[in-house]
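All chains are named by letter (A, B, ...) in the order of the sequence lines, taking the proteins before the strands, and each is independently numbered beginning at 1. Note that the coordinates shown come from a computational prediction; the quantities given were computed from them, not determined experimentally.
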Number of protein chains: 2
Amino acid sequence: MTDDIDQILISALMEDSRRSLKALAQISGLSSPSVAERLRRLEERGVLKGYTVEIDPKCFGYQLQAIVRVRPLPGQLQEVERQIMSIPEFTECDKVTGEDCFIARLHVRSMEQLDTLLDRLNTLAETNTAIVKKTPVKRRLPPMA
Amino acid sequence: MTDDIDQILISALMEDSRRSLKALAQISGLSSPSVAERLRRLEERGVLKGYTVEIDPKCFGYQLQAIVRVRPLPGQLQEVERQIMSIPEFTECDKVTGEDCFIARLHVRSMEQLDTLLDRLNTLAETNTAIVKKTPVKRRLPPMA
DNA sequence: GCAACATGACCGACGACATCGACCAGATCC
DNA sequence: GGATCTGGTCGATGTCGTCGGTCATGTTGC
């Protein structure tokens with residue numbers, strides 16, 4: 001289904017998604033029409049879900065990053081989810097098993113802003129916040145083999 | 001420093017980082033050499049850190065996704081960090097303030113694999129695992145304005 | 001107040017690239 | 001064993017990126 005060449009292409013695009021078809025052709029040992037066709041099929045099958053950029057949030061003043069565990073008060077689960085989705089500083093949120101219903105990532109410019117945003121949630125949920133000090137593993141892919 | 005046009009370019013590339021310079025030129029109302037120059041400067045300044053792809057881990061058999069909080073046993077902090085970095089199924093890891101030293105994301109193909117991987121850590125740390133049921137907020141950018 | 005410079009844009013020409021159609025080789029299936 | 005499907009190459013054509021030259025604008029210093 002996805003063979004070695006597809007994985008080479010995916011890895012190459014992970015490193016730099018703006019590589020030309022020609023460059024990808026050289027890396028994979030195929031011709032560029034073949035590469036184009038393979039990418040088309042990877043997209044079609046939903047393996048390749050999109051091409052995007054990595055941005056440094058610090059450049060927009062987001063000095064702080066926090067991971068917030070959120071435990072909604074009884075009956076507030078839906079509303080908490082809506083709130084999190086509607087606050088754009090929440091840049092990631094998973095609904096998980098266990099006592100904490102949500103685990104979310106929050107980017108803020110200051111402690112004051114962190115406080116303000118969490119206050120909005122604290123009427124609906126208990127929260128537990130951990131400030132990110134360092135990121136030992138940056139987003140990467142699990143092994144494809 | 002980063003003006004409206006830069007933000008238009010960044011947003012356009014967030015949606016699809018393979019857009020041609022010409023397409024970006026049309027979107028932003030500039031000429032393509034100008035766009036090329038702006039991208040060059042955004043990269044140079046570290047705002048634009050890279051161009052990458054979104055892959056669906058399910059397509060490689062990763063049916064389960066977990067968020068693991070890790071509290072190293074006394075004296076094992078360094079070793080725990082090394083372990084996490086060296087296990088490729090950990091696709092993200094932050095070192096944070098608070099009792100849990102690390103919060104990591106883990107992609108696995110099965111419960112057995114989850115168990116195996118966590119056992120490796122449990123000689124060095126206490127862990128607390130939450131299975132991801134849903135992702136209400138997919139990775140996005142905080143407001144740039 | 002103005003000359004000199006820096007910045008950031010445009011245009012046009014040229015070379016590189018993507019795309020399309022035609023064709024081919026190997027596996028699969030009656 | 002021939003029809004068909006799949007996934008590849010090649011070469012022509014048109015589109016795109018890049019580079020040098022130019023210009024407008026805003027800033028600095030005398």
Side-chain angles (χ1 to χ4, degrees), chain A residues 1-63 109 139 141-145, chain B residues 1-63 109 139 141-145:
Chain A
M1 193 163 157
T2 54
D3 63 6
D4 296 352
I5 291 183
D6 283 339
Q7 291 181 26
I8 290 172
L9 293 176
I10 290 171
S11 303
L13 287 171
M14 276 282 293
E15 281 174 20
D16 178 6
S17 63
R18 281 186 75 78
R19 276 202 239 253
S20 67
L21 292 181
K22 197 187 180 194
L24 294 170
Q26 279 165 210
I27 292 169
S28 62
L30 297 179
S31 62
S32 30
S34 303
V35 172
E37 176 62 13
R38 274 174 182 267
L39 293 188
R40 200 193 55 69
R41 272 162 30 219
L42 284 170
E43 290 167 25
E44 193 182 55
R45 281 163 37 207
V47 179
L48 237 168
K49 291 202 294 185
Y51 305 90
T52 185
V53 286
E54 273 182 77
I55 297 293
D56 185 358
K58 287 207 185 106
C59 294
F60 295 98
Y62 294 95
Q63 297 295 340
R109 301 187 209 250
R139 237 165 84 88
L141 278 186
M144 290 181 288
Chain B
M1 192 160 155
T2 52
D3 63 5
D4 296 353
I5 292 183
D6 284 339
Q7 290 180 27
I8 290 172
L9 294 176
I10 289 171
S11 303
L13 287 171
M14 276 284 292
E15 282 175 19
D16 178 4
S17 64
R18 282 186 74 80
R19 277 201 238 255
S20 68
L21 292 182
K22 197 186 180 195
L24 294 170
Q26 278 165 209
I27 292 169
S28 61
L30 297 179
S31 63
S32 29
S34 304
V35 172
E37 176 62 12
R38 273 174 182 266
L39 293 188
R40 200 193 55 70
R41 269 162 32 220
L42 285 170
E43 291 167 23
E44 193 182 55
R45 281 162 38 208
V47 179
L48 236 167
K49 291 201 293 183
Y51 305 90
T52 185
V53 285
E54 273 183 77
I55 296 294
D56 186 358
K58 287 206 184 106
C59 294
F60 295 98
Y62 294 95
Q63 297 295 340
R109 300 189 210 249
R139 230 163 78 90
L141 278 186
M144 291 181 288

Undergrad: Could you tell me how far apart B:Glu37 (CD) and D:dG21 (P) are, to the nearest whole angstrom?
TA: 17 Å

Undergrad: Got a donor-acceptor contact below 3.5 angstrom from the B:Ser11 side chain to the B:Gln7 backbone?
TA: yes

Undergrad: Rounded to the Å, how far apart are B:Ile5 CD1 and C:dT7 P?
TA: 18 Å

Undergrad: From D:dT9, D:dT18, D:dG7, pick the nucleotide closest to the side chain of A:Arg41?
TA: D:dG7

Undergrad: Whole-Å distance between C:dC10 C1' and B:Gln26 CD?
TA: 16 Å

Undergrad: Please report the distance, rounded to the nearest Å, between CG in A:Asp4 and C1' in D:dG8.
TA: 17 Å

Undergrad: Could you check whether atom CG of B:Asp4 has more than 12 heavy atoms from other residues, nucleotides or ligands sitting under 6.0 Å from it?
TA: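 Atom CG in B:Asp4 is not crowded, with 12 or fewer foreign heavy atoms closer than 6.0 Å.
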
Undergrad: Report the C-alpha distance between A:Arg45 and B:Asp56 in whole Å, list the side-chain angles of each, state the deciding distance to 0.1 Å, and finish with yes or no for side-chain contact (heavy atoms from CB on, under 4.5 Å).
TA: CA-CA 10 Å; A:Arg45 281 163 37 207; B:Asp56 186 358; over 6 Å; no

Undergrad: Please encode protein proximity along nucleotides 10-17 of chain D as a string of B, S and -, counting only heavy-atom distances under 4.0 Å.
TA: B-----SS

Undergrad: Whole Å only: how far is the CG atom of B:Asp6 from the C1' atom of C:dG8?
TA: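 Those two atoms, CG and C1', are 12 Å apart.
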
Undergrad: Given side-chain contact (heavy atoms from CB on, under 4.5 Å), test B:Ser28 with B:Val35 step by step and report yes or no.
TA: CA-CA 8 Å; B:Ser28 61; B:Val35 172; 3.8 Å; yes

Undergrad: For A:Thr52 and B:Val53, indicate whether the former's side chain and the latter's backbone hold a donor-acceptor pair under 3.5 Å.
TA: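 Such a contact is absent between A:Thr52 side chain and B:Val53 backbone.
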
Undergrad: Mind calculating the distance between CG (A:Leu42) and C1' (D:dG7) to the nearest angstrom?
TA: 14 Å

Undergrad: Is it the case that the side chain of A:Arg19 and the backbone of A:Leu9 share a donor-acceptor pair, with hydrogens and angles ignored and the cut-off at 3.5 Å?
TA: no

Undergrad: Is A:Arg38 near enough to D:dG8 that one of its side-chain N or O atoms lies under 4.0 angstrom from OP1 or OP2?
TA: yes

Undergrad: In Å, rounded to the nearest 0.5 Å, how long is the span from CD1 of B:Ile10 to CG of B:Leu24?
TA: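 B:Ile10 atom CD1 to B:Leu24 atom CG measures 11.5 Å (nearest 0.5 Å).
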
Undergrad: Looking at the side chain of A:Leu30, which of C:dT19, D:dT9, C:dC10 is the nearest nucleotide?
TA: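 Looking only at side-chain atoms, A:Leu30 lies closest to D:dT9.
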
Undergrad: Rounded to whole angstrom units, what separation is found between the CG atom of B:Leu39 and the C1' atom of C:dA9?
TA: 15 Å

Undergrad: Grab the CD1-P distance between A:Ile27 and C:dC17 for me, whole Å please.
TA: 13 Å

